[in-house]
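First up is the structure itself, then whatever we jot down about it.
Here is the naming used below: chain letters follow the sequence lines, and residue numbers restart at 1 for every chain.
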Amino acid sequence: MTNRTVLVLLDPATEIRTSALELFTIARALGTVEAVALEGVGVEVLAQLEAYGVESVHQAEFSDAAGHVVTGDERHLPAVVAAALAAAVRRADADVVLLPSSFAAKEAAALTARALDAGLIIDAAGVSEGDDGRIVGSKRVFAGSWDTSCEVTTDVAVLTVRANAVVPAPAAAPVNTQTEPLPVEVPELGVTLASREVKARSGDRPPLEEAAIVVAGGRGTDGDFAPVVDLADALGAAVGASRDAVFEGWWDTYVGQTGVTVAPRVYIGAGISGAPHHRGGMQASQHIVAVNSDPEAPIFEICDFAVIGELADVLPQAAEEIRRHKG
Amino acid sequence: MRIVVTVKYVPDINTDRGFEDCRVRRTPDEGTLNELDENAVEAALQIVEAAGSGEVVALTVAPPDGDPALRKAFQLGVDRGVRVSDDILAGADYFATAAALAAAVRKLESEGPVDLVITGMAALDGLGSVVPTLLGAELGRPALTLAKKVGVSDGVLSVTREHDDVTEELSAPLPAVLSVTDTANQPRLPNFKRIMAARGKQVEAWTASDIGLDSAPAVRTRALNAAPRPERPEAELVTDKGEGGKALAAYLITNDLV
Ligand SMILES: Cc1cc2nc3c(=O)[nH]c(=O)nc-3n(C[C@H](O)[C@H](O)[C@H](O)COP(=O)(O)OP(=O)(O)OC[C@H]3O[C@@H](n4cnc5c(N)ncnc54)[C@H](O)[C@@H]3O)c2cc1C
Ligand SMILES: Nc1ncnc2c1ncn2[C@@H]1O[C@H](COP(=O)(O)O)[C@@H](O)[C@H]1O
């Protein structure tokens, strides 16, 4: 079924996220790729869309019921994103909608599916076409201990896809991406948005949810994250933490089922015991490495390689070796 | 102030969770109240306490074996527990669950106004985090989700919402739907007095037709497969005697991970 149309949510549209490139890569295997943007598309972003084979961009132009143009932060609220996606599906007669698996995108996905009576799969780790041509999503659940798959039985399928589901790859040949304005009427929200702040992304370190390598520190750091950061920088990795370390104020983002879910190529946990809540957010990682001074630490049950030792000794030495290896 | 808290019965994350015939395996003694719904219960109790009077009703859509979730909610201090069970809701997806919860809230509303519906941030079995939003849409009420700070005054709900790399300040007039994160509060523990009080409370069991749902919801997805992942091979453990960091680096380098 190659005449399938696949819409990908592009938010933000001013800078490209790895998650968007992964979604384009998945979408190309399913059909014709089109993007939906909530704001003007940046020049560099457009070049990436062309390289990744995105045929067109539906650029939402929001107005309220009275016809006034809406350009505020409301555009990123799930109900508004859903209105844009549903409008784009109707106009493009699209079959599949792909979004990243962020909390906000999950809500937008649910409202989009509700508006279209579409089937919804949350947190897919893979998207493919089943034997009967229907869309199949695979999921890794229960802290990475079970693999499940599920097919969408409605005409339209809406899926949120986990980061690192595929390695992003440009199309065999670039395309000439068309931009088309998409008029969208913002639904009655009943909500007042007083402020919206987006945390600036650090330029030198990949974001936690997208990184190929994650180094996370826990209570065992006793508040000193310098060795964790040092090893992460040597590896070009993102830095994460356990929830306890974040509650102590030692770091700002934690890995786990209520924090960020990561599934990188390598996860390194230092001074983290491996509580079920934490495991839920990292157990699907390909290689799990732990550094812990307690030979009985539960994290050893789920890792591939571990050093029993003081993290303040082990991490700097590892960082130095890696820097030497990289030259 | 009258508040409905939605609570789900889920397999305990400390047990060996799994599937049977593509459905989550339910074992009577390995289930619990979804831990994240304790934050919802706590938020409801605090708001009613601050208002000086009111009622908190715990509501679940589950087979009868889900009652331990409601009994735990009783022990935390909720006043009533309602369970909606019906064959037509077996295998309910997010949409059917939200529709059933909404219909039950409407029935509760026919007895008297419901100012707030409070949910957890996610059910720990599926981790969907979408039922709260869908419930808002079903009820036609504003939904403020993922609140880490909650305030109610003069009939207005205000929250600080934190998700991904975004922080938002939002408000909406009551009645509304609210979901709270695990950092919104510290759930209280059942104490002797509450446990004794809970003993006298009965779960109210409603069927689909009691809440005005007559036909099974349309099916939108079909489970194909569920299989346990192969066990990880036993870990290679190195005790640091001065070379532990080098061993770690060597593991990464030989596996081509650097
Ligand atoms: C509803 C709920 C949701 C939760 N969600 C999450 C979540 O999403 N993510 C999360 O992480 N947690 C979550 N938690 C908390 C979780 O249950 C654990 O409490 C937490 O993960 C423990 O953090 P930790 O491993 O850093 O600390 P600890 O369990 O105290 O472990 C510290 C470890 O460091 C080791 N150590 C100590 N000193 C050293 C040293 N010098 N060198 C090396 N190792 C050392 C110790 O041996 C120990 O194993 C949640 C809890 C609840 C109730
Ligand atoms: N079957 C259910 N019965 C009652 N509440 C539910 C049910 N499913 C989900 N919820 C509520 O919705 C929240 C989010 O669930 P979910 O969207 O499934 O992750 C939970 O924390 C519960 O408060």
task: Output the distance between atom NZ (Lys241(B)) and atom CG (Asp313(A)), rounded to the nearest 0.5 Å.
output: 14.0 Å
query: Nearest 0.5 Å, what's the OG-CG distance between Ser145(A) and Asp16(B)?
result: 7.5 Å
- prompt: Which residues from residues 162-178 of chain B are near chain A, with near meaning under 4.5 Å between non-hydrogen atoms?
  reply: His163(B), Asp164(B), Asp165(B), Val166(B), Thr167(B), Glu168(B), Glu169(B), Leu170(B), Ser171(B), Ala172(B), Pro173(B)
query: Between Leu252(B) and Ile322(A), which heavy-atom pair has the shortest distance, and what is it?
result: CD1-CD1, 3.8 Å
message: Are there residues of residues 144-159 of chain B whose heavy atoms fall under 4.5 Å of chain A's heavy atoms? If so, which?
response: Leu144(B), Thr145(B), Leu146(B)
field: chain A contact via Asp125(B) - side chain, backbone, both or neither, heavy atoms under 4.5 Å
entry: both
- prompt: What residues form a salt bridge (charged side-chain N to carboxylate O under 4.0 Å, His left out) with Arg222(B), not counting sequence neighbours?
  reply: Glu151(A)
Within-4.5 Å side-chain heavy-atom neighbours: Thr183(B) and Tyr254(A): yes
query: Which bit of Glu231(B) comes within less than 4.5 Å of chain A, counting heavy atoms only: side chain, backbone, both or neither?
result: neither
- request: Please flag which part of Ala122(B) lies under 4.5 Å from any non-hydrogen atom of chain A: side chain, backbone, both or neither.
  value: neither
field: Interatomic distance, Asp123(A) atom CG to Leu127(B) atom CG [nearest 0.5 angstrom]
entry: 7.0 Å
query: Measuring from Thr133(B):OG1 to Arg114(A):CZ, what's the distance to the nearest 0.5 Å?
result: 11.0 Å
message: Please classify the contact between Ile253(B) and chain A as side chain, backbone, both or neither, with a heavy-atom cut-off of under 4.5 Å.
response: side chain
- prompt: Would you say Gln317(A)'s side chain and Lys246(B)'s backbone share a donor-acceptor pair under 3.5 angstrom?
  reply: yes
message: Angle between ring planes, Tyr251(B) versus Phe305(A), binned at 30° and 60°: parallel, tilted or perpendicular?
response: parallel
query: In terms of heavy-atom contacts, does CD of Glu197(A) have more than 12 from other residues, nucleotides or ligands at under 6.0 Å?
result: no
- request: Applying side-chain contact (heavy atoms from CB on, under 4.5 Å), run through Ile13(B) and Gln257(A) and close with a yes or a no.
  value: CA-CA 11 Å; Ile13(B) 62 166; Gln257(A) 53 194 2; 3.5 Å; yes
query: Taking only residues two or more places apart in sequence, or in another chain, which ones meet Ile288(A) in a side chain to side chain contact (heavy atoms under 4.5 Å, CB included)?
result: Tyr267(A), Met282(A), Ser285(A), Ile302(A), Cys303(A), Asp304(A), Arg232(B)
- line: Of the listed Lys326(A), Glu188(A), Arg243(A), Glu320(A), the one with the largest count of heavy-atom pairs under 4.5 Å with chain B is Arg243(A)
message: Can you tell whether the side chains of Glu107(A) and Arg161(B) come within less than 4.0 Å, N to carboxylate O?
response: yes
- request: With a 4.5 angstrom heavy-atom cut-off, could you sort out which part of Asp256(B) is near chain A: side chain, backbone, both or neither?
  value: backbone
task: Look at the side chain of Ser129(B) and the backbone N and O of Phe103(A), then say whether any donor-acceptor pair between them is shorter than 3.5 Å.
output: no
